[in-house]
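Below, each value reflects all heavy atoms present in this structure, side chains not excepted, and no hydrogens, waters or symmetry copies. Letters A, B, ... are given to chains in the order of the sequence lines, protein chains preceding strands, and every chain is numbered from 1.
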Amino acid sequence: MIKKEKLQIIGTKQIAKDTIEMKLENIHISETAVPGQFLHILIEGHTLGRPISIADIDKENHLVTILFKVIGSGTKRLAAYSVGQQINALGPSGNGFPLRQEAKETVLLIGGGIGVPPMYYLGKQLAAQNVNAIAILGFQTAENVFYEDKFKEIAETYIVTDDGSYGNKGLVTDLLDKVGDFDCYYTCGPLPMIQAVTSKLSGKRGYISLEERMGCGVGACLACMIPANNESGYKKICSDGPVFLAEEVTI
Amino acid sequence: MIKKEKLQIIGTKQIAKDTIEMKLENIHISETAVPGQFLHILIEGHTLGRPISIADIDKENHLVTILFKVIGSGTKRLAAYSVGQQINALGPSGNGFPLRQEAKETVLLIGGGIGVPPMYYLGKQLAAQNVNAIAILGFQTAENVFYEDKFKEIAETYIVTDDGSYGNKGLVTDLLDKVGDFDCYYTCGPLPMIQAVTSKLSGKRGYISLEERMGCGVGACLACMIPANNESGYKKICSDGPVFLAEEVTI
Amino acid sequence: MNELAVSLPGLKLKNPIMPASGCFGFGHEYSNYYDLSELGAVIMKAATGNARLGNPTPRVAETASGMLNAIGLQNPGVDKIIEYEVPFLANFDTSIIANIAGSTIEEYEMVAAAFNYTEDVHALELNISCPNVKEGGIQFGTDPVMAAKVTERVKRVSKLPVYVKLSPNVADIVEMAKAVEAAGADGLSMINTLTGMQIHLPSKRPLIANKTGGLSGPAIKPIAIRMIYEVKQNVDLPIIGMGGICSAEDVLEFLLAGASAVAVGTANFGNPLVCKEIIDELPDVLSRYGFASVQEAMGKAVFV
Amino acid sequence: MNELAVSLPGLKLKNPIMPASGCFGFGHEYSNYYDLSELGAVIMKAATGNARLGNPTPRVAETASGMLNAIGLQNPGVDKIIEYEVPFLANFDTSIIANIAGSTIEEYEMVAAAFNYTEDVHALELNISCPNVKEGGIQFGTDPVMAAKVTERVKRVSKLPVYVKLSPNVADIVEMAKAVEAAGADGLSMINTLTGMQIHLPSKRPLIANKTGGLSGPAIKPIAIRMIYEVKQNVDLPIIGMGGICSAEDVLEFLLAGASAVAVGTANFGNPLVCKEIIDELPDVLSRYGFASVQEAMGKAVFV
Ligand SMILES: Cc1cc2nc3c(=O)[nH]c(=O)nc-3n(C[C@H](O)[C@H](O)[C@H](O)COP(=O)(O)OP(=O)(O)OC[C@H]3O[C@@H](n4cnc5c(N)ncnc54)[C@H](O)[C@@H]3O)c2cc1C
Ligand SMILES: Cc1cc2nc3c(=O)[nH]c(=O)nc-3n(C[C@H](O)[C@H](O)[C@H](O)COP(=O)(O)OP(=O)(O)OC[C@H]3O[C@@H](n4cnc5c(N)ncnc54)[C@H](O)[C@@H]3O)c2cc1C
Ligand SMILES: Cc1cc2nc3c(=O)[nH]c(=O)nc-3n(C[C@H](O)[C@H](O)[C@H](O)COP(=O)(O)O)c2cc1C
Ligand SMILES: Cc1cc2nc3c(=O)[nH]c(=O)nc-3n(C[C@H](O)[C@H](O)[C@H](O)COP(=O)(O)O)c2cc1C
Ligand code: FES
Ligand code: FES
């Protein structure tokens with residue numbers, strides 16, 4: 001259940017250009033979070049929370065890992081926190097990826113940029129279920145690449161960069177028909193990427209994780225709507241999502 | 001000359017109830033500040049600067065001491081800074097106390113509450129000039145008292161508390177005719193105290209240090225006016241003051 | 001009597017704290033954080049005649065000490081609200097205020113009348129910051145004549161006390177308050193948001209898809225306090241005050257200025273427990289500043 | 001041509017940055033921090049017919065991301081300003097804009113006319129946020145008829161271009177802009193402060209001795225951007241934009257919304273070097289968002 005929690009910063013390091021990996025200690029989040037859920041981080045001096053995906057969990061040590069890119073005032077402030085300090089967050093927030101895959105099935109994980117982090121925790125969980133995973137990870141350029149080695153431990157991993165400065169040159173979609181067969185896909189990244197992926201893979205069972213600017217982060221303010229094929233005509237990304245079945249929403 | 005400076009925090013400790021002593025390292029301020037001048041401290045997340053008197057200077061080590069009471073959001077934030085961090089401030093600001101006393105003259109220093117700090121640096125400088133100083137320091141109650149020992153090194157010191165929980169019971173004005181003869185007085189503290197002091201000592205040469213809410217802290221915005229007996233009819237506390245001859249302003 | 005209790009037309013509140021309309025949905029989400037029975041009242045998200053889907057996204061943007069929103073009155077329509085949402089809130093020991101909106105006077109009347117048929121709603125908050133479709137989009141909330149007209153017509157059909165929610169986007173807030181007072185309003189609720197815009201530099205477009213949005217949060221508190229002060233000097237109606245409240249000290253500032261109760265909006269987003277925390281801290285803050293009760297603090301600012 | 005240069009009626013500016021009226025005095029103090037020749041222009045503190053002593057203190061209060069001020073037009077009177085202050089500023093290679101104010105139309109005329117006799121003032125900024133004593137205190141700045149009247153009368157006596165400084169305390173800013181455009185204004189300057197109040201809890205009194213004060217700073221930026229956007233879509237006059245500017249990014253946001261130049265007010269208090277720092281950073285910020293010059297960025301927000 002989502003709660004307001006204090007998380008203790010245990011480690012923080014830059015792992016790629018403008019990209020920070022932060023390890024946080026918290027019992028409630030580490031015990032209950034599933035892949036695809038996020039923390040709604042409440043940063044001092046900021047009116048609204050910052051949604052950041054959970055990139056990994058170490059249940060034993062009560063650790064939660066987040067990876068974030070410094071893009072504006074909130075993430076800049078967050079990057080300036082140091083070990084020993086505490087941050088406030090709501091979490092675990094939203095609904096994660098369904099994990100009910102059969103062992104021996106093959107799944108495709110497609111992550112773009114700062115959409116890569118939730119794919120890691122997901123891949124780790126699926127690997128633990130003996131699901132066979134292939135990962136296609138797209139980044140702008142070589143200096144943005146992170147977590148390649150970690151992905152290689154859990155999945156057959158392909159790196160793509162826009163400019164070809166690392167791995168394959170091009171877009172994640174260029175590899176979709178080159179990685180072999182899979183039963184289901186999971187994707188998170190910029191909207192144009194998700195649109196391209198879902199249209200190329202239409203017909204396949206797929207789960208997408210969406211972003212939108214959020215107010216409350218809990219489902220009360222109706223800021224984060226996405227048109228949907230249900231009775232009310234919409235779903236809330238913060239509380240019905242951020243993960244949706246590819247067909248249930250209109251992107 | 002007043003400049004925008006960065007000051008490095010070298011030490012910070014609580015010396016009385018809600019009262020912090022902070023030692024700051026800065027060459028320009030330590031080399032040029034005179035007693036009665038202040039720092040206009042620019043605190044992150046706050047629109048306006050916080051004026052805080054210079055309580056002591058150690059020229060040799062480039063140290064500036066300030067003492068402040070935590071009363072609102074700015075001083076609370078300031079108290080939370082720790083050793084090694086830097087603060088921004090304009091300074092040295094305003095005009096200080098005239099130090100042209102003859103050696104062997106006797107001066108009376110009258111400080112109330114958080115008006116005590118500038119009296120210390122002043123007293124130290126006067127002592128260095130072999131001026132004979134008497135200090136009357138008023139506080140609300142015992143737990144607010146600070147710097148008694150330091151004052152005793154430079155002046156014949158009397159402590160007064162409102163409730164008599166330490167030193168003499170009563171107001172600083174109760175002692176004015178009990179401390180013997182003096183040639184001139186200096187005072188800083190709450191306005192009602194300064195009003196009482198100047199009216200009891202009218203006729204004597206006296207210098208008063210005044211407070212007012214400030215905008216710019218440099219003389220440009222006209223926030224901090226005090227009616228005065230000059231052509232324009234006013235003086236600016238931030239740049240003409242904060243120290244005035246008792247007769248030149250109307251309090 | 002409880003030191004926090006306040007009585008307003010139609011409302012006997014155990015304390016003066018309520019979440020503001022649109023910032024608390026219909027309470028489901030925040031009921032996970034604390035027992036809604038702690039609240040003085042709950043003001044529901046705006047109800048319109050039919051379901052509305054609201055504006056395209058992005059609908060919110062952060063600003064210095066505030067935020068912009070252009071949700072666009074998304075709601076399931078008054079009938080569904082009465083069928084599904086009011087019963088949920090009625091489970092709690094708190095008062096329920098329905099915020100009503102419309103594009104025509106007839107829609108306002110229809111929505112107001114619908115709430116006559118539930119026992120569980122205790123007052124209406126009349127949201128007049130909506131453009132009147134028939135009169136070519138002039139806001140009800142910035143024209144005293146139109147504000148009076150919609151107030152009078154809603155009063156005529158409703159059996160509930162009506163609190164008119166004033167828009168701050170006017171030159172003369174007292175004129176607006178007097179107009180709705182004369183039209184029969186039982187109370188005022190103020191302030192709604194100020195219209196603002198933020199331009200997103202990378203895309204060179206307004207960040208809010210609707211272009212403009214309503215500014216709320218601590219940034220607007222001084223405007224809210226000024227308007228409540230001005231209205232209180234000139235109009236006799238009780239005021240539900242809001243605009244940037246984050247703490248029990250803020251609540252006291254609103255009470256001193258002339259509010260009889262307050263609503264907390266944007267602050268819920270930064271801290272879902274804020275209403276409860278304010279309720280817990282209010283007794284201490286009142287006594288720190290010399291008041292024995294909320295009642296005693298009301299309108300006690302000294303303006304001379 | 002210099003990438004930062006802009007041309008406005010009567011003003012050839014080397015860059016679009018100027019300190020806002022009332023936040024920079026007459027430049028003496030800030031000339032200790034940097035060479036005022038770096039500035040596009042300086043807008044002087046308001047000038048009135050005779051010297052004014054202004055309001056009692058406290059005159060300023062801090063608010064969330066902003067401040068309130070009620071200085072009260074303290075100034076030495078137009079003659080002394082022309083005699084002592086203009087010559088000081090004329091030492092610098094920058095344009096000088098005189099902000100003029102009054103309680104009657106006649107006082108505005110008198111002040112405006114006085115500036116005809118100095119070669120060193122390049123434009124007038126007409127501060128219409130003053131209550132008209134003759135008309136019983138109604139603000140020139142919230143009534144389009146009065147705003148037009150004072151604009152027209154000032155235009156008639158002045159040989160300088162007149163930028164009318166609009167008050168944001170109105171329901172319809174476009175109506176105000178159109179009124180002063182029709183009356184002959186050469187440009188607009190917007191926005192002035194929003195009226196606000198803060199109550200000091202320990203004393204239970206308004207913190208500002210004048211009770212209400214003008215709200216400025218980042219808190220009001222979204223309102224300024226929205227108003228400039230609205231006016232730019234409807235009125236052809238060049239706009240000097242202001243309201244909460246703290247950074248070169250903020251300047252670009254104002255340019256995109258429709259301003260041709262900007263003024264920086266409150267931010268000087270938190271950082272006396274802010275105008276100079278913004279000027280230094282502006283070229284980089286322009287090119288980061290794809291603009292080769294200030295000229296090119298003007299009005300380039302996409303609103304469709
Ligand atoms: C469900 C979800 C999961 C996310 N996970 C991650 C992650 O793991 N790592 C990561 O780096 N980023 C992630 N993001 C994006 C991240 O939320 C934004 O980059 C961040 O909020 C930017 O904050 P800022 O203050 O630096 O930027 P600013 O632009 O200053 O923020 C201003 C406002 O806009 C919002 N905002 C800005 N960009 C976005 C965005 N892309 N999505 C949603 N709101 C935005 C902010 O939350 C804030 O309210 C996620 C977004 C969502 C919705
Ligand atoms: C020349 C001068 C010297 C001072 N020296 C000292 C000192 O050595 N030690 C000390 O503890 N205090 C001193 N003060 C008072 C000190 O400036 C205030 O206590 C402080 O600004 C409070 O800030 P805050 O954010 O905690 O309070 P808030 O009440 O949150 O501040 C809000 C605003 O009010 C202003 N303000 C509040 N109280 C005062 C005040 N008494 N005088 C002026 N502005 C005020 C703040 O600067 C700020 O702009 C001095 C004041 C002046 C004018
Ligand atoms: C996201 C959001 C949605 C809102 N929706 C409504 C609404 O439906 N009806 C209404 O009258 N006011 C609405 N408001 C205005 C608030 O009720 C309140 O008047 C305003 O936000 C000022 O209070 P605050 O600063 O505490 O948020 C909304 C405000 C926000 C931030
Ligand atoms: C202390 C202070 C004094 C001001 N004095 C004047 C003035 O004399 N004339 C005027 O037209 N505007 C005056 N203003 C308004 C500013 O020029 C400006 O329009 C407003 O503050 C918004 O800009 P900002 O948010 O950058 O401060 C004053 C503002 C402040 C803060
Ligand atoms: S952010 Fe409030 S409903 Fe999703
Ligand atoms: S604080 Fe601005 S003139 Fe003194």
Between [X] and [Y], is there a donor-acceptor pair closer than 3.5 Å when you use the side chain of the first and the backbone of the second?
X: C:K165; Y: C:S129; result: no
X: D:N268; Y: D:P19; result: no
X: C:E181; Y: C:D236; result: yes
X: C:N210; Y: C:G72; result: no
X: D:K211; Y: C:F303; result: yes
X: D:N127; Y: D:G102; result: no
X: D:N55; Y: D:A70; result: yes

Using a 4.5 angstrom heavy-atom cutoff, name the option from [options] with the most pairs to chain C.
options: D:P202, D:G141, D:G66, D:S167; value: D:P202
options: D:P222, D:G213, D:A297, D:A224; value: D:P222
options: D:T142, D:D172, D:L215, D:I228; value: D:L215

Salt bridge or not for D:E249 and D:R288, using N-O below 4.0 Å?
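Answer for the salt bridge query: yes.
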
With a 4.5 Å cut-off on heavy-atom pairs, point out which of C:I225, C:V170, C:L201 contacts chain D the most.
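Ranked by contacts with chain D, first place is C:L201.
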
Measure distances from [X] to the heavy atoms of chain D and classify the residue's part below 4.5 Å as side chain, backbone, both or neither.
X: C:L68; answer: side chain
X: C:I223; answer: both
X: C:T212; answer: side chain
X: C:V304; answer: backbone

Region of [X] in contact with chain C, defined by heavy-atom distances below 4.5 Å:
X: D:Y229; result: side chain
X: D:T63; result: side chain
X: D:Q139; result: neither
X: D:L194; result: side chain

